[in-house]
Amino acid sequence: MKMRESRVLKKLRAGEIVSCFKINFSDARVSEIAAISGFDCVWTDQEHIGQDWSILAASIWATKAHDTDLLVRVPKGSYSDFVRPLELDATGIMVPHIMNLQEAEAIVSMTRFHPIGRRPIDGGNADGAYTALDFNEYLVQANRQRFIIFQIEDPEPLEELEEIAALDGYDMLFFGPGDFSQGIGAPGEWNHPELIAARKRVAEVARKHGKFAGTVGGPGNVDELIAMGYQFVSMGADVVGVKNYCQDLVGAFTKSASAGSKNSYMNT
């Protein structure tokens, strides 16, 4: 028996570009719709959203059914916060606000098994096939087929970015423009020179040290991000899609209702 192969890592290691979709709604059916639609990865969130463990488990089952990876952005907390999504068989975790090399080293130690780190071992959960995986094979496959992402979304870690990127035991640097813009005192200024420079630098440094680069994007800038060296692009979010759809419907209705009211039978 083998652990399910990561679709994201398989494509990235082959030099391909990976698509991702962010889920804010606490309903596994949304994750399944994204998986059915063809996204390589679905990103759920425990940093900003109160997704309990049963909801997370359901999303993992829904995406695995369609051979889609599930990424969990974890809260910054104890090792249990980092490990539990992996034990539920999430394909990867993203740790927000990596601030320095020391913190990055500690996360590797907590999330990778021997010989890379000292992640606590259970093996009796979904990722270990409930003990059906051979003990030592479980450690090897978990280190190989599950990915760890460091989110760079503050100016502070740029001082040690080369050292963080060179660290063994993780897979990707992910640039977060939202918090970075706030960190440089220019919230929402997406074309700020410091933000543009940081986005380019994260991709360059990641690739220089044999790591993958990820970020958020969309149809309007995905080509630019790929040319910059980003191989993992989160293309949108469920809340954005539903919000835009509802606004379009209300706009169309309001236009028709306004025009129709002038010719309504009630006015004749």
Quiz item: If you count the non-hydrogen atoms of other residues, nucleotides and ligands that lie under 6.0 Å from CZ in Arg118, is the total more than 12?
Solution: no

Practice problem: Indicate yes or no for a side-chain donor-acceptor contact from Tyr170 to the backbone of Ile164 under 3.5 Å, with no hydrogens or angles considered. | Solution: yes

Quiz item: So if you build clusters from Ile, Leu, Val, Met, Phe, Trp, Tyr with side-chain heavy-atom gaps below 4.5 Å, do Ile55 and Leu88 land together?
Solution: no

Practice problem: Is it possible for you to say whether Val242 and Val30 belong to one hydrophobic cluster, with membership spreading through side-chain heavy-atom contacts below 4.5 Å? | Solution: yes

Quiz prompt | Backbone of Asn24 reached by a side-chain donor or acceptor of Asp238 within 3.5 Å | solution = yes

Exercise. Using a 4.5 Å cut-off on heavy atoms from C-beta on, say whether the side chain of His114 contacts that of Arg119.
Key: no

Quiz item: Which heavy-atom pair separates Gly169 from Ile116 by the least distance, and what is that distance?
Solution: CA-CG2, 3.8 Å

Quiz item: Going hydrophobic residue to hydrophobic residue with side-chain gaps under 4.5 angstrom, can you get from Val216 over to Leu225?
Solution: no

Quiz item: Can you tell me how far the OG atom of Ser109 sits from the CZ atom of Phe82, to the nearest 0.5 Å?
Solution: 11.5 Å

Self-check item: Ile107 vs Tyr79, side-chain contact (heavy atoms from CB on, under 4.5 Å): CA-CA, chis, key distance, verdict
Solution: CA-CA 8 Å; Ile107 290 166; Tyr79 76 83; over 6 Å; no

Quiz item: With side chains defined as the heavy atoms from C-beta onward, is the minimum distance between Glu189 and Leu195 less than 4.5 Å?
Solution: no

Practice problem: Please answer whether the main-chain N or O of Val74 pairs with a side-chain N or O of Gln46 as donor and acceptor at a distance below 3.5 Å. | Solution: no

Quiz item: Which heavy-atom pair separates Ala142 from Arg112 by the least distance, and what is that distance?
Solution: O-NH1, 3.6 Å

Quiz prompt | Minimum heavy-atom distance between Lys22 and Asp45, given as atom pair plus value | solution = CE-OD2, 3.8 Å

Practice problem: Can you spot which of Asp127, Asp89, Asp171 makes a side-chain hydrogen bond (donor to acceptor under 3.5 Å, both in side chains) with Arg146? | Solution: Asp89

Exercise. Looking only at non-hydrogen atoms, find the nearest pair between Phe39 and Met235 and report the distance.
Key: CE2-CB, 4.2 Å

Quiz item: Just wondering, do Val108 and Ile148 contact through their side chains at under 4.5 Å, heavy atoms?
Solution: no

Self-check item: Any donor-acceptor pair under 3.5 Å from Lys211 side chain to Leu167 backbone
Solution: yes

Quiz item: Can you tell me how far CZ of Arg199 sits from OH of Tyr230, rounded to the nearest 0.5 angstrom?
Solution: 7.0 Å

Quiz prompt | Contact check, side chains of Ile98 and Ile152, non-hydrogen atoms, under 4.5 Å | solution = yes

Quiz item: So Trp43 and Phe174, would you call those rings parallel, tilted or perpendicular, with 30° and 60° as cut-offs?
Solution: perpendicular

Practice problem: Drop me the distance from Leu86's CG to Phe113's CZ, to the nearest 0.5 angstrom. | Solution: 8.0 Å

Quiz item: Roughly how far apart are Thr63 OG1 and Phe21 CZ, rounded to 0.5 Å?
Solution: 13.5 Å

Quiz item: Just by modelled atom types, is the Glu47 backbone N or O under 3.5 Å from a matching donor or acceptor in the Arg73 side chain?
Solution: no

Quiz item: Taking atom NE2 of His66 and atom OG of Ser37, what is their separation to the nearest 0.5 Å?
Solution: 10.0 Å

Quiz item: Counting distance only, does the side-chain N/O of Ser59 pair as donor-acceptor with the main-chain N or O of Ser31 below 3.5 Å?
Solution: no

Self-check item: Test side-chain contact (heavy atoms from CB on, under 4.5 Å) applied to Gln51 and Val72, step by step
Solution: CA-CA 10 Å; Gln51 300 225 11; Val72 181; over 6 Å; no

Self-check item: Over all atoms of both residues, closest heavy-atom pair of Glu153 and Pro96
Solution: OE2-CB, 3.3 Å

Quiz item: Does CZ belonging to Arg207 count more than 12 external heavy atoms closer than 6.0 Å?
Solution: no

Exercise. Give a yes or no on whether the backbone of Glu156 and the side-chain of Asp154 come within a donor-acceptor separation of less than 3.5 Å.
Key: no

Exercise. Walk me through it: do Ile149 and Val95 pass the test side-chain contact (heavy atoms from CB on, under 4.5 Å)?
Key: CA-CA 6 Å; Ile149 299 177; Val95 183; over 6 Å; no

Quiz item: Does Phe232 offer a backbone N or O that forms a donor-acceptor pair with the side chain of Thr215 under 3.5 Å?
Solution: no

Quiz item: Can Glu137 and Lys2 be counted as an ion pair, charged N to O under 4.0 angstrom?
Solution: no

Self-check item: salt bridge (Lys or Arg N to Asp or Glu O under 4.0 Å) between Asp69 and Lys64, intermediate numbers included
Solution: CA-CA 7 Å; Asp69 285 6; Lys64 284 168 62 176; over 6 Å; no

Exercise. I would like to know whether Leu71 and Phe147 meet side-chain contact (heavy atoms from CB on, under 4.5 Å); could you show each step before the answer?
Key: CA-CA 9 Å; Leu71 165 67; Phe147 54 89; 3.8 Å; yes

Exercise. Could you tell me whether the side chain of Asn221 and the main chain of Glu224 form a donor-acceptor pair under 3.5 Å?
Key: no

Quiz prompt | Side chain Asp40, main chain Val8, donor-acceptor under 3.5 Å | solution = no

Quiz item: What is the minimum heavy-atom distance between Ala28 and Ala62, and which atoms define it?
Solution: O-CB, 3.8 Å

Quiz item: Between atom CZ of Phe135 and atom CG of Leu133, what is the distance when rounded to the nearest 0.5 Å?
Solution: 12.0 Å

Quiz item: Are the side chains of Tyr138 and Met3 in touch, meaning some heavy atoms are under 4.5 Å apart?
Solution: yes

Which atom pairs, donor and acceptor, lie under 3.5 Å between side-chain atoms of residues 176-185 and protein residues at least two apart or in another chain?
residue : atom : partner : partner atom : Å
Asp179  : OD2  : His97   : NE2          : 3.1
Ser181  : OG   : Gly178  : O            : 2.7
Ser181  : OG   : Gly188  : N            : 3.1

Quiz item: Do Arg4 and Asp67 have side chains that get closer than 4.5 Å, going by heavy atoms?
Solution: yes

Practice problem: With the side chain counted from C-beta on, respond yes when Glu32 and Val42 share a heavy-atom pair under 4.5 Å apart, and no when they do not. | Solution: no

Quiz item: Is a salt bridge present between Asp81 and Lys76, judged by a nitrogen-to-oxygen distance below 4.0 Å?
Solution: no

Practice problem: Spell out, yes or no, whether Ile17 and Val222 are grouped together once hydrophobic residues are joined by side-chain heavy atoms under 4.5 Å, including indirect joins. | Solution: yes

Quiz item: With distance as the sole criterion, is a donor-acceptor pair present between the side chains of Gln141 and Gln145 under 3.5 Å?
Solution: no

Quiz item: Given the rule that I, L, V, M, F, W and Y join up when any side-chain heavy atoms are under 4.5 Å apart, are Met94 and Val83 in one cluster?
Solution: no

Exercise. Find out whether Leu70 and Leu56 are in side-chain contact, i.e. whether some heavy atom of one side chain is under 4.5 Å from a heavy atom of the other.
Key: yes

